Undergrad: 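Handing you this structure, nothing more for now.
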There are 2 protein chains.
Amino acid sequence: MKDTVTVNWKENMVFEAEMDGHRFVMDAKEEHGGSDQGPRPKPLMMVSLAGCTGMDVISILKKMRVEVDEFSVKIDGDLTDEHPKHFTRMHIIYEFKGKNLPVDKLEKAIELSQDHYCGVSASYRKAMEITHEIKIH
Amino acid sequence: MKDTVTVNWKENMVFEAEMDGHRFVMDAKEEHGGSDQGPRPKPLMMVSLAGCTGMDVISILKKMRVEVDEFSVKIDGDLTDEHPKHFTRMHIIYEFKGKNLPVDKLEKAIELSQDHYCGVSASYRKAMEITHEIKIH
């Protein structure tokens, strides 16, 4: 399997990303010479992971006939202070809201994503520590 | 250093990413139960790399007083066929357009990004093969 993306330089630090007909703009913050017109590239690493495992979990829960009212995936990343500044750890917080949510099924869905389905997590695990916790309301 | 992102589930396979006040929507394709309202999470791994190294290169070239007319970073990724489907290789194509572009400086800027500055590349190298080429028009 193959996949392709292109980013086109627009001006200054502004780049437009293009993938499968979807476009959005990335930019650096003012203190790094940008104008903050869009997200910075590095946190997109975490968005990629959060979206990947989030989609896994919601589709596994659907198959398990578990209904949640609200669901979010937050990721806290630790970066080195020295160049190249890269992530040493990402901590994933899965947060659910709903009535009588079955904790065992929520945990099982997360485990299936982390161990079997999420290709982003599989890649990042080779490069850093990946941990997670679950919050249920 | 720390960084944080959140993705919030909206409906079906649609998740809204939020980072530093910037928001955009991710979605799965129709064949995977989504409605293709936004980019898929996994290619965002490549967008993150392309944006990171692209911003490095354009800012290094600015310091070198090299002016380019057009600049793009394309990435081709190879994925495994088996779950968890993850990248085994990313190939970066740096493409420049401009008059009398100094090839040695363009190559130097790319080398500095790949070896010293791009934290996304530093992470991915631990998990897969990263290669690149340069095209000058």
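Just so you know, these numbers come straight off a predicted model, no measurement behind them. To find a chain, count down the sequence lines: A is the first, B the second, and so on, and within it residues start at 1.
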Undergrad: Is it the side chain or the backbone of A:Cys118 that comes within 4.5 Å of chain B heavy atoms, both, or neither?
TA: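 The backbone, not the side chain.
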Undergrad: Considering only heavy atoms, which portion of A:Phe24 lies under 4.5 Å from any heavy atom of chain B: side chain, backbone, both, or neither?
TA: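 For A:Phe24, side-chain heavy atoms alone lie under 4.5 Å from chain B.
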Undergrad: Please round to the nearest 0.5 Å and tell me the distance separating atom OG1 of B:Thr4 and atom CG of A:Asp76.
TA: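 The distance works out to 4.0 Å.
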Undergrad: Would you confirm whether B:Ser48, through its side chain, and A:Leu44, through its main-chain N or O, come within 3.5 Å as a donor-acceptor pair?
TA: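 Flag not set: sc B:Ser48 to bb A:Leu44 has no pair under 3.5 Å.
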Undergrad: Applying a criterion of heavy atom separation less than 4.5 Å, what residues of residues 98-105 of chain B form contacts with chain A?
TA: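 Residues qualifying by a heavy atom under 4.5 Å from chain A are absent, so none.
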Undergrad: Distance alone, cut at 3.5 Å: any donor-acceptor contact between the side chains of B:Asp36 and A:His22?
TA: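 B:Asp36 vs A:His22: donor-acceptor pair found between side chains.
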Undergrad: For the residue pair B:Phe71 and A:Phe15, does the interplanar ring angle fall in the parallel (under 30°), tilted (30 to 60°) or perpendicular (over 60°) class?
TA: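 Because their plane-to-plane angle is over 60°, the rings of B:Phe71 and A:Phe15 count as perpendicular.
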Undergrad: Would you mind telling me which of A:Met45, A:Met26, A:Glu18 makes a side chain to side chain contact (heavy atoms under 4.5 Å, CB included) with B:Val47?
TA: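 It is A:Met26; the other options fail the test.
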Undergrad: Among A:Gly38, A:Ala50, A:Ala122, who wins on heavy-atom pairs under 4.5 Å with chain B?
TA: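 Top count of heavy-atom pairs under 4.5 Å with chain B: A:Gly38.
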Undergrad: Which residue out of A:Arg125, A:Lys62, A:Lys29 racks up the most heavy-atom pairs below 4.5 Å with chain B?
TA: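 The residue among A:Arg125, A:Lys62, A:Lys29 with the greatest pair count is A:Lys29.
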Undergrad: Are any non-hydrogen side-chain atoms of B:Met19 and A:Arg40 less than 4.5 angstrom apart?
TA: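 When only atoms from C-beta onward are counted, A:Arg40 and B:Met19 do not touch, as no gap falls below 4.5 Å.
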Undergrad: Name the region of A:Asp56, side chain, backbone, both or neither, that has any atom closer than 4.5 Å to a heavy atom of chain B.
TA: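 A:Asp56 has no heavy atom closer than 4.5 Å to chain B.
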Undergrad: What part of A:Ile58 gets within 4.5 angstrom of chain B, counting heavy atoms only: side chain, backbone, both, or neither?
TA: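 The side chain, not the backbone.
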Undergrad: Let me know if A:Val68 has heavy atoms under 4.5 Å from chain B in its side chain, its backbone, both or neither.
TA: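 A:Val68 touches chain B through backbone and side-chain heavy atoms alike.
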Undergrad: First locate atom CE of B:Met1, then atom NE2 of A:His86, and finally report the distance between them rounded to the nearest 0.5 Å.
TA: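 With rounding to 0.5 Å, CE (B:Met1) is 11.5 Å from NE2 (A:His86).
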Undergrad: Run the salt-bridge test on B:Asp78 and A:Lys2 with the 4.0 Å N-O cut-off and return the result as yes or no.
TA: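 Judged by the 4.0 Å cut-off on N to carboxylate O distance, B:Asp78 and A:Lys2 do form a salt bridge.
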Undergrad: Is any side-chain heavy atom of B:Val120 less than 4.5 Å from a side-chain heavy atom of A:Phe87?
TA: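 They are not in side-chain contact.
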Undergrad: Counting only non-hydrogen atoms closer than 4.5 Å, does A:Gln37 touch chain B with its backbone (N, CA, C, O), its side chain (CB onward), both, or neither?
TA: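 The answer is the backbone of A:Gln37.
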Undergrad: Give, as side chain, backbone, both or neither, the part of A:Thr88 having an atom under 4.5 angstrom from any heavy atom of chain B.
TA: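 Neither part, no heavy atoms under 4.5 Å.
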Undergrad: With sequence neighbours left out, what residues match B:His116 under side chain to side chain contact (heavy atoms under 4.5 Å, CB included)?
TA: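 If we apply the side chain to side chain contact (heavy atoms under 4.5 Å, CB included) test to B:His116, skipping adjacent residues, the hits are B:Leu112.
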Undergrad: When rounded to the nearest 0.5 angstrom, what distance separates CH2 in A:Trp9 from OG in B:Ser72?
TA: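 Result: 11.5 Å between the selected atoms.
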Undergrad: Looking only at heavy atoms and a cut-off of under 4.5 Å, which of A:Leu79, A:Val5, A:Thr6 has the most pairs with chain B?
TA: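 Option with the greatest count: A:Val5.
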Undergrad: Do B:Met55 and A:Met13 have side chains that approach each other closer than 4.5 Å (heavy atoms only, starting at C-beta)?
TA: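 A side-chain contact under 4.5 Å exists here.
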Undergrad: Relative to chain B, which segment of A:Lys10 carries a heavy atom at a distance below 4.5 Å: side chain, backbone, both, or neither?
TA: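 For A:Lys10, neither part sits under 4.5 Å from chain B.
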